[in-house]
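What follows is a set of notes on a single structure, which appears directly below.
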Amino acid sequence: MKSTTGIIFDIQTYALYDGPGIRTTVFLKGCPLRCAWCHNPESWNPKPQIAYTASRCAACSACVAACPNDALEMIEDAVRRDFAECENCGACASACPNEAMEMIGHETTTQAVAEKALADMPFYEASGGGVTFTGGEPTAQFDFLLAAIKAVKEGGAHVALETCGLFAKDKLAALIEAVDLFLMDIKIIDDERHKELTGAGNELILSNFSEIVKRAGHEKVLPRIPLIPSVNAGAEEIGRIVDFLKSISHPGPVHLMPYNPLAKNKWEKLGRGGDYRDFGRLEDRDLSRVAGQFESAGFKVVINK
């Protein structure tokens with residue numbers, strides 16, 4: 001492998017919705033998509049970055065004094081950052097006594113990831129669980145991802161990969177060999193609509209999904225549908241997703257992931273609160289309708305809330 005280090009922004013233990021059984025979920029930084037409803041906007045930037053939580057701020061100005069680039073100032077008991085001058089060096093986070101300034105993302109090794117993840121092997125063995133790599137888009141750190149998967153699998157853990165599917169075709173063979181289960185999003189079938197709301201078309205995404213099914217079998221790919229009100233939860237768009245899965249003879253099951261509007265504070269912490277879009281909660285009746293539409297088409301449905 002070319003690299004044994006990478007940038008992660010979280011490791012969560014006892015995860016129950018990121019694949020079968022009890023799992024440890026490893027979040028890698030970097031993503032090629034810019035989904036308008038993203039609940040992990042801190043994953044977009046591949047590098048560590050500073051976040052600011054105003055509610056924790058004591059207005060002590062320690063961060064302002066610590067910044068080597070004079071990128072911070074205190075205005076009306078709140079810190080304002082000049083993003084053009086900020087280099088995300090972390091000096092402000094180190095100086096802040098209340099963790100109002102924090103560094104999101106840090107460099108780590110595959111060994112450190114494996115040691116953390118494999119500590120819960122008894123839970124995996126008892127529940128049929130394992131380790132899930134997600135992001136962001138974990139294939140954006142391809143060499144680190146493969147090395148980390150190898151280290152985890154050498155310890156005996158099942159490995160799942162949560163991916164948006166937007167990766168080069170020459171990565172498919174290595175991924176299929178390394179990964180036990182793909183958790184792949186299918187967001188929108190219409191290419192132009194997909195591009196409008198995620199920043200990229202979906203031709204490669206759908207092609208990669210199809211290729212994994214063709215080469216590895218449908219058991220190795222689990223389609224996950226993020227249900228976004230006014231975007232893809234209508235009967236017509238769900239019908240298109242059903243038609244796509246049937247066209248490649250994928251029998252399911254299908255996992256539904258209803259949108260929730262709880263990521264607003266993440267956008268605000270990154271200084272991007274003005275870019276946040278609240279699509280609203282998916283009503284229970286609409287969720288039932290979508291589930292029924294898949295079930296009527298012959299798919300088993302699992303709802304992840």
Pro68: what forms a side-chain contact (heavy atoms from CB on, under 4.5 Å) with it, not counting sequence neighbours? Cys89, Ala91

Qualifying residues under salt bridge (Lys or Arg N to Asp or Glu O under 4.0 Å), relative to [X], sequence neighbours excluded:
X      : value
Asp191 : none
Arg272 : Asp275
Glu76  : none

In one Ile/Leu/Val/Met/Phe/Trp/Tyr side-chain cluster, 4.5 Å: Phe123, Tyr17: yes

Compare every heavy atom of [Y] with every heavy atom of [X], then report the nearest pair and how far apart it is.
X      : Y      : value
Ile189 : Phe244 : CD1-CB, 3.9 Å
Gly105 : Lys29  : CA-CD, 4.0 Å
Val159 : Asp180 : N-OD2, 2.8 Å
Ala148 : Thr110 : N-CG2, 3.5 Å
Val242 : Ala297 : CG1-CB, 3.6 Å

Got a sec, which hydrophobics cluster with Leu166, joining ILVMFWY side chains under 4.5 Å apart, including via others? Leu33, Leu204, Ile205

Output the rest of the hydrophobic cluster of Trp44: all Ile, Leu, Val, Met, Phe, Trp and Tyr residues reachable through side-chain heavy-atom contacts under 4.5 Å, sorted by chain and number. Trp37, Ile188, Leu197, Ile228, Val231, Tyr259, Trp267, Tyr276, Phe279

I want to check something: taking the side chain as every heavy atom from C-beta on, are Leu270 and Gln49 in contact at a cut-off of under 4.5 Å? yes

Would you say Ile225 and Asn232 make side-chain contact, with heavy atoms under 4.5 Å? yes

Exactly one candidate in Val152, Thr132, Thr13 meets side-chain contact (heavy atoms from CB on, under 4.5 Å) with Thr24; the answer is Thr13

Indicate yes or no: does Lys246 engage Asp243 in a salt bridge with an N to O separation below 4.0 Å. no

Side-chain ion pair, Lys269 and Glu42, N-O less than 4.0 Å: no

Would you call the rings of Phe209 and His250 parallel, tilted or perpendicular, taking 30° and 60° as the class edges? tilted

